[in-house]
Amino acid sequence: MSVGVAVLGSTGSIGTSALRVLERQRERFKVVALTAYGSADRLIEQAKRTGARMVGLVDQESGKGIGGFETGVAIRTGPEALVEAATHPEVGIVINAVVGAAGLEATLAALRAGKRVALANKETLVMAGELVLKAAREGGGEIVPVDSEHSAVLQCIAGSRQGQLRRLIITASGGPFRDWPLEKLSRATVEEALKHPTWRMGPKITVDSATLANKALEVIEAHFLFGLDYDAIEVVVHPQSIVHALTEFVDGSVLAQIGFPSMELPILYALTYPERVPDNGTPRFDPVAAGPLTFEPLRKDAFPAFELGVEAGRRGGTAPAVFNAANEVAVKAFLEGRIPFGEIAGTIERVLGAHHPLPAEDLEVVIAADRWARKQAEGCCS
Ligand code: MG
């Protein structure tokens, strides 16, 4: 019996990697639903190739010409398409690779419907970690991370018991500006920010890796996924991106997960967890070819977005949602050439400074904080 899978954000970088994994593992998994934001042609091509029974386009305008490309395929347009795909009765696992805050409602709906969510959309946990955990408890769903660092942690703690994990060390490549002097950093261009040294990813997360806002999002994500205090989660820069995370246990033992950078392994593990299945999609690891592995401290003065994000996590309530929203708006403004690189962190700082966090008890409060932060950030970027 194969398990039905929905891929949200199937035309993006993670989505296409996920379809490659599912293609190799087609005896175990069956693609049931696919959604994209606006790439109608790509989505139709993917649906034909995978035999998906439902496709969804979030952007209504792009969805206009998509009608009836194949009989028996349900076509949905608009943001509701995400929730519909995520709760499809034939779907057991939802791979959520939607970029940004837009993926939240689908995650909540899937968890309430008892599905496994293979989560590549870390913004979901950052915005509303408590609500996401509550939805999983209530609906019997489970969250399995697709983020490489968190997948590494999950693999390292497999077989250990609750309370045995003492500390996490998440690695960061340091991004393209790891060793840039401060004065040069503030003038970094879009082109330079998009040149990630070790990972090929979409533009939003690549800029987040250049500011290290991505690492702050990952610290918050780890806090919710593994139930650790912020004091027990550390970040270290590791330029080779070979060691994805280190886990320290109560007896002082440290385990690490190692491999050449590839998103296909975390995707596969999220599908098969806690089992492992044979697969040949990831390059064979060769410690000699990997060369020396080095570690260095994160330059907090050069990458202020990191501390701002972790501090928002510590403040809790709606603060992480505000950090996430301000960051999204600032990154978009930077990519569109409206603000310089240094102003991404500047924008986040001003918006967080004006925010009075509320407990993130229901979705309305979180969404209101998200909207408020976007408006504030837009004001800073215009
Ligand atoms: Mg990551």
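Whatever order the structure lists ligands and atoms in, that order sets their numbers, starting from 1. Index from 1, following the sequence.
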Please list all pairs meeting ring-ring contact (aromatic ring centres under 6.0 Å, His included) that have one or both residues in residues 121-173, counting only residues at least two apart or in different chains.
none
Run the salt-bridge test on K332 and E336 with the 4.0 Å N-O cut-off and return the result as yes or no.
yes
Restricting to N/O/S, name the atom of D147 that gets closest to the Mg ion (ligand 1).
OD1
Going by side chain to side chain contact (heavy atoms under 4.5 Å, CB included), name the residues that satisfy it together with R26, two or more places apart in sequence or in a different chain.
E23
Nearest N/O/S atom of E149 with respect to the Mg ion (ligand 1), by atom name, please.
OE1
Checking distances from the Mg ion (ligand 1), one finds that the N, O or S atom of E218 closest to it is OE2
Is the terminal nitrogen or CZ of K375 (NZ for Lys, CZ for Arg) located under 6.0 angstrom from the six-membered ring centre of W372 and within 45° of that ring's axis?
no
